[in-house]
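Below is one structure, written out as structure tokens, with a few remarks after it.
Every chain is numbered from 1 and lettered A, B, ... according to where its sequence line falls, protein lines coming before strand lines.
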Protein chains: 2
Amino acid sequence: MQSTCKNKAYLALMQTSKEIQECIRAELAKTDLHVTEFSVLEVLYFHGKQTIHEVAQRILVSSGSMTYVIDKLERKNMLKRVPCPDDRRVIHLVLTPDGEAFMQSIMPRHQERVEQLFGSLSEEESGTFVQLLGKIKHQLHVQV
Amino acid sequence: MQSTCKNKAYLALMQTSKEIQECIRAELAKTDLHVTEFSVLEVLYFHGKQTIHEVAQRILVSSGSMTYVIDKLERKNMLKRVPCPDDRRVIHLVLTPDGEAFMQSIMPRHQERVEQLFGSLSEEESGTFVQLLGKIKHQLHVQV
DNA sequence: ATCAAATATCTCAAATTAAAGACAAATGAA
DNA sequence: TTCATTTGTCTTTAATTTGAGATATTTGAT
């Protein structure tokens, strides 16, 4: 059948991403953070202050999970909830100095690992890769 | 920084795969199967009889989860545990006729969705995509 | 033949996640 | 203005997943 090719791409994509997730989990095991907690901090580290909703959209977890994860991160003194004065439904998340320092201490190693993973791709290939993912992602939002 | 490019690829990969997973979950919501259960059946459907261990490796879930998921699938009469006579530690999983029929009824729609997702990639691009994923996956197993 | 190590599965407790609904606040149409 | 709808967050409950350890079997070295 001709579908085999697309299906192969699909399976490869899903399995590789899961293995990477697994690899990150192993890396984080040395800290007392879990993948989802790390993902939240990562978003704040790269994008600065964000609403809970924005972070949830980026890392794709439910609002219930967000509350749970934020509670934990707040207890660990990694971030702070900051109510938004303009819209009282909204709460912003901000890294604390501790959170900032923590991220600065572990990101270099994380970045190194990411670069190692994608290091065998040329600049051009990385570009192509992102572009192809973009095409796939675009299809996700097309009605079937 | 120059790392941005690799990091972009990394983020795109992780987010796209998560969105696809989400999309599959939504699709499966119409049945009474969850993603992990479906993944197990998918492996058996494509590869035939497999040991629990083999399936776990393919779909990357812990042994504890495997037991849980298999119990559920067995209760739903989708598959059967078959002890291996050659190695008494080993248990094979086999689709029941019901499981086979069920998969045959939902796979066309699933395949269609996969093909739609990857449909905007040419044959050549699909090939490239798989190849690039292969390179990344290979790096995963390289010591750092 | 014996025994340590490796392998395959299972059990159980604890952590995590999702799902549904509640609530408060903002928006926008009438 | 008013009210229905939407949005953002939280609560609660139930389902799922992990992680560590238990058990049984096999493998391989001595």
How many whole angstroms separate atom [atom1] of [X] from atom [atom2] of [N]?
{"X": "A/Tyr68", "N": "C/dT17", "atom1": "OH", "atom2": "P", "value": "7 Å"}
{"X": "B/Leu93", "N": "C/dT9", "atom1": "CG", "atom2": "C1'", "value": "11 Å"}
{"X": "A/Asp71", "N": "D/dC10", "atom1": "CG", "atom2": "C1'", "value": "9 Å"}
{"X": "B/Gln21", "N": "C/dT17", "atom1": "CD", "atom2": "C1'", "value": "12 Å"}
{"X": "A/Glu54", "N": "D/dT7", "atom1": "CD", "atom2": "P", "value": "14 Å"}
{"X": "B/Arg88", "N": "D/dT23", "atom1": "CZ", "atom2": "P", "value": "18 Å"}
{"X": "A/His34", "N": "C/dT16", "atom1": "NE2", "atom2": "P", "value": "4 Å"}
{"X": "A/Asp32", "N": "C/dA15", "atom1": "CG", "atom2": "P", "value": "13 Å"}

| Do A/Lys6 and B/Gln111 meet the criterion of a side-chain donor-acceptor pair at a distance under 3.5 Å? |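 Note: A/Lys6 and B/Gln111 side chains miss the donor-acceptor criterion.
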| Of A/Val61, A/Leu95, A/Leu33, A/Leu73, the residue whose pairing with A/Val40 passes side-chain contact (heavy atoms from CB on, under 4.5 Å) | A/Leu73
| field | Pairwise 5' ranking along DNA chain D for B/Glu37 and A/Arg81, keeping only the more 5' one | value |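 Its nucleotide being nearer the 5' end, the pick is A/Arg81.
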| query | Just to confirm, is there a sub-4.0 Å distance from OP1 or OP2 of C/dA18 to any side-chain nitrogen or oxygen of A/Ser62? | reply | yes
| Do A/Lys135 and B/Glu125 come close enough that some side-chain heavy atom pair is under 4.5 Å? | yes
| field | A/Val61 vs A/Asp87, nearer the 5' end of DNA chain C by closest nucleotide | value |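 So the residue in question is A/Val61.
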| Quick one: the side chain of A/Arg89 and the base of D/dT9, do they pair up donor-acceptor inside 3.5 Å? |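 Between D/dT9 and A/Arg89, which were checked side chain against base, a qualifying N/O pair under 3.5 Å is absent.
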If you check the [X] side chain, which of [options] turns out closest?
{"X": "B/Val90", "options": "C/dA8, C/dC10, D/dC10", "answer": "C/dA8"}
{"X": "B/Ser63", "options": "D/dC10, C/dC10, D/dT17", "answer": "C/dC10"}
{"X": "B/Ser65", "options": "C/dC10, D/dT17, D/dG8", "answer": "D/dT17"}
{"X": "A/Thr36", "options": "D/dT25, C/dT9, C/dT17", "answer": "C/dT17"}
{"X": "B/Arg25", "options": "D/dA20, C/dT16, C/dA18", "answer": "C/dA18"}
{"X": "A/Lys72", "options": "D/dT17, D/dT18, C/dT16", "answer": "C/dT16"}

| Gap separating the CG atom of A/Asp71 from the CE atom of A/Met66, nearest 0.5 angstrom |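 Answer for the CG-CE pair, A/Asp71 versus A/Met66, is 10.5 Å.
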| Using 30° and 60° as the class limits, which term best fits the ring planes of A/Tyr10 and B/His110: parallel, tilted or perpendicular? | perpendicular
